[in-house]
Each structure stands twice: as C-alpha cells, then as structure tokens.
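Down below is the structure, laid out as structure tokens.
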Amino acid sequence: MKPVIVVHGGAGSIFKDREEGARSGIIRAALKGYSILKQGGSALDAVEDAVVSMEDDPHFNAGCGSVLNEKGEVEMDAIIMDGKNLASGAVSAVKCIANPIMLARLVMEKTEHMLLTDHGANLFAKAMNIPEIPGEKLITERSWERWSKKLEADSNPQEDKKESG
Amino acid sequence: TVGAVAIDNEGNVACATSTGGLSNKLVGRVGDSACIGSGGYADNHVGAVSTTGHGESMMKVVLARLVLYHMEQGMTPEKAADTALNYMKTRVGGLGGVIVVSNSGDWTARFSTKQMSWATVKDDWLQYGIYTGE
C-alpha cells in the first residue's frame, strides 16, 4: 500500500492576513506526517505528528492559538483513532497543556476509557508526566483580540451563532 | 480546528482531530472534536475521516461516521463527503468540512464553508488549497 496523508487546518473564514501562515502550516504538517509514513511509520504516528505540528502553530485554532471561552480561557478537545482495532482516545475541556492530541493518544493507550474531561483529563496529564504550561502561553494576540471583539458584540447574541470551530 | 487522516504501507488507517472550539463558548462546552464518530472515525474496513466546522451540527449527524457509512454503501470518498455535508446543511443548517482517506488510498478534502485549508501528500506529490476548486 502506498502511504497517503491528508491534513486540514479548519473550515470557515480564513482572513487574507492569515492565509499565507495557514498555507505554510498545513504544508509543513502534511510533509511531517508523510515523512513518517515514508520511513515505514504507522498511520497513527503520522496523524499525531501532523496534528502536533498544527497545535504548535499559532495560525490554527488548536493548542497555541486556540480561541478563548467566555471567561477568556483556553479549553481544548481532541480525539485520535486507530483503524486497525477501533481503539480511540479523547480529551475535552482540557487546559494548560501544549498538545491535547498527545494526551488523547495516552488515554487510548494507557487507560481502558475513551474520553477524559476537564479536571480529570488534567490529572491524568499530570500522572503521565505531561508538563503543565501557563494558560497564557496558548493565547495569541489574535485570539485575544477576537475574544475582546466578541465581548463588545454581546448585545447581539445571535450573531455568529453558526460559527465554525 | 485541525485534523489529519492517513494510511500507512501496511494498510492501516488513522485519524486525529484537535481544537480550541468556538470563540467565546460557554465554559464546559464540548464540541464534536472529542466525540467519536463526529470529530473523527477510522476503520480499516472502510477508511478514516477528520471533520471541522460547526460542532453542534456535526454531532447531530455524527458526520465522520456518516461519511464512512456512505462509502460502505459504495460511494467514492468525494461523493460520500459531499452527500454527508449536504445532509448536515439541509437537515440541521450546519456548515463544515471533512478530509477522507479510503482503505485503498483514495482521498478527498471537501467543505461547505467558504474556505478550508487542507494539504495532502501521495506518491511524493504535495497538493494543497484553501478555496473551493483549488
């Protein structure tokens, strides 16, 4: 079988000033995943590394660059799945870690569960020696500005009701 | 949201999806990305899918598994993706996008939003795009 990787950096509106960064970010992620596949690595390793690359890239809404919740905090969700045995792991509402997808993989490989959430996910991260980082390190100027503008628009709560994640 | 799907040289498929969610979401809101079948699904018998878009809509139609269901019925990845995205649009008014790889190595990147950034490598050939038709 010839290896193939496909990545996405999110659907919705990609503003012109972010377009070049998004383009180079998805290319970097795809090439990173493909190089693993070319060396005989697994599809699971390839998708994890590709997603880590985009989580670390502030142009995308995941990891560093995540949008903020109504309190101005980052809460992240992630899932990974292995088609060989239908194994899967996920985390939700997780805070203060750089790469939620790595934590999701640990849920899949180190527990009998499918999904850990919020405080429990963070406790599990600690138990797995995933370093905790200050939440501010995940917040970019762009996500902060976006959050502030949304607060101003609170007088019209129906606006952006169908915003993409 | 970001995501990836892949097939390796042993024919195993996998998917991964990660997100910060919706801007100014309620504290504790969880979208599709953490939910199996909605944010992603992978099965060597069919293929793998990762999704992006309006999370609540994707959860209502279990978008990733819906795409694979259509492929199980004989549709190509492209047709299955378009059919599932159209169902989500007409049934619950949601927009989004999917990336798909089949267990034979066919792939697609489709979206009903104005844009979705995507990239793929197959046979050492890199392709990428943001706009429809790119």
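Just so it is clear, the model here is predicted, and its values are computed rather than measured. Just so we're on the same page: letters track the sequence lines, and every chain starts at 1. Side chains are part of it too, since the values below use all heavy atoms of this structure and drop only hydrogens, waters and symmetry mates.
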Under the criterion side-chain contact (heavy atoms from CB on, under 4.5 Å), I'd like the reasoning laid out for I130(B) against E19(A): C-alpha separation, chi angles, the key distance, then a yes or no. CA-CA 8 Å; I130(B) 289 183; E19(A) 198 176 301; 3.4 Å; yes

Minimum heavy-atom distance S18(B)-E55(A), with the two atoms named: OG-OE2, 2.5 Å

Who wins among M81(A), M76(A), K38(A) for the most heavy-atom pairs under 4.5 Å with chain B? M81(A)

Under 4.5 Å between side-chain heavy atoms, counting indirect links through other Ile/Leu/Val/Met/Phe/Trp/Tyr residues: same cluster for L126(B) and L37(A) or not? yes

Using side chain to side chain contact (heavy atoms under 4.5 Å, CB included) as the criterion, point out the one residue from L86(A), I79(A), L115(A) that pairs with I36(B). I79(A)

State whether the number of non-hydrogen atoms from other residues, nucleotides or ligands found under 6.0 Å of M71(B) atom CE is greater than 12. yes

Please identify, among G97(B), S112(B), G105(B), the residue contributing the most non-hydrogen atom pairs under 4.5 Å to chain A. G105(B)

Between S92(A), A104(A), G63(A), A93(A), which has the largest tally of heavy atom pairs under 4.5 Å with chain B? S92(A)

Among V46(B), N9(B), V101(B), who wins on heavy-atom pairs under 4.5 Å with chain A? N9(B)

Most contact-rich option vs chain B, by heavy-atom pairs under 4.5 angstrom, among G40(A), A22(A), A62(A), S66(A), is A62(A)

Quick check for you: among T108(B), V13(B), N103(B), V98(B), which has the greatest number of heavy-atom pairs under 4.5 Å with chain A? V13(B)

Which region of V121(B), side chain (C-beta onward) or backbone (N, CA, C, O), has a non-hydrogen atom less than 4.5 Å from a non-hydrogen atom of chain A, or is it both or neither? both

Charged N to carboxylate O below 4.0 Å: is that the case for R23(A) and E134(B)? yes

Does T120(B) reach the main-chain N or O of I5(A) with its side chain, forming a donor-acceptor pair under 3.5 Å? yes

Which value, rounded to the nearest 0.5 Å, describes the distance between N44(B) atom CG and K84(A) atom NZ? 8.0 Å

Which heavy atom of T52(B) sits nearest a heavy atom of A11(A), and at what distance? OG1-N, 3.0 Å

Heavy-atom distance under 4.5 Å to chain A: side chain of D123(B), backbone, both or neither? both

Reported NZ-to-CG distance for the pair K149(A) and N24(B), which is rounded to 0.5 angstrom: 12.5 Å

Tell me whether V51(A) is reachable from Y128(B) by hopping between hydrophobic residues (I, L, V, M, F, W, Y) whose side-chain heavy atoms are closer than 4.5 Å. yes

So for S88(A), is it side chain, backbone, both, or neither that comes closer than 4.5 Å to the heavy atoms of chain B? side chain

Does the N61(A) side chain pair with the main chain of G21(B), one donor and one acceptor, at a distance under 3.5 Å? yes

If I compare all heavy atoms of E75(A) with all of R29(B), which pair ends up nearest, and what's the gap? OE1-N, 4.3 Å

Chain B contacts, top residue of S42(A), A29(A), G33(A) (heavy-atom pairs, under 4.5 Å): S42(A)

Should L44(A) and V52(A) be regarded as members of a common hydrophobic cluster, given that ILVMFWY residues are connected when their side-chain heavy atoms come within less than 4.5 Å of each other, either directly or indirectly? yes

Atom of A43(A), atom of N12(B) and distance for their closest heavy-atom approach: CB-O, 3.2 Å

With clusters defined by side-chain heavy atoms of hydrophobic residues (ILVMFWY) lying less than 4.5 Å apart, directly or transitively, does V92(B) cluster with M58(B)? yes

Interface residue of largest heavy-atom contact number with chain A, from G40(B), A42(B), A48(B), under 4.5 Å: A42(B)

Please test V27(B) against E70(A) for side-chain contact (heavy atoms from CB on, under 4.5 Å), starting from the C-alpha separation and ending with a verdict. CA-CA 7 Å; V27(B) 173; E70(A) 62 174 0; 4.0 Å; yes

Could you tell me if H8(A) and S117(B) have a donor-acceptor pair between their side chains, going purely by distance under 3.5 Å? no

V47(A) and V4(A): same hydrophobic cluster, using ILVMFWY side-chain contacts below 4.5 Å? no

Given G28(B), A119(B), G39(B), C35(B), the one with more heavy-atom pairs under 4.5 angstrom with chain A than any other is A119(B)

Could you report the tightest heavy-atom contact between I26(A) and W118(B), atom names first, then the distance? CD1-O, 3.0 Å

Can you confirm whether more than 12 heavy atoms, excluding those of Q73(B), are under 6.0 Å from its CD atom? yes

Name the region of Y131(B), side chain, backbone, both or neither, that has any atom closer than 4.5 Å to a heavy atom of chain A. side chain

Could you tell me which portion of D118(A) (side chain, backbone, both or neither) has an atom closer than 4.5 angstrom to a non-hydrogen atom of chain B? neither

Given I7(B), V49(B), V5(B), V100(B), the one that forms side chain to side chain contact (heavy atoms under 4.5 Å, CB included) with V6(A): V5(B)

Return yes if some donor-acceptor pair links the side-chain N/O of S33(B) with the main-chain N/O of A78(A) below 3.5 Å, else return no. no

Can you confirm whether K25(B) sits close enough to L68(A) that some side-chain heavy atom of one is under 4.5 Å from a side-chain heavy atom of the other? no

Name the region of D106(B), side chain, backbone, both or neither, that has any atom closer than 4.5 Å to a heavy atom of chain A. neither

Kindly give the heavy-atom pair with the smallest separation between K122(B) and Y34(A), and that separation in Å. C-OH, 4.2 Å

Between V74(A) and chain B, which part of the residue has a heavy atom less than 4.5 Å away: side chain, backbone, both or neither? neither

Tell me, for T51(B) versus chain A, whether the close heavy atoms (under 4.5 Å) come from the side chain, the backbone, both or neither. backbone

Distance col, row M54(A):CE vs T1(B):OG1, nearest 0.5 angstrom, shows 10.5 Å

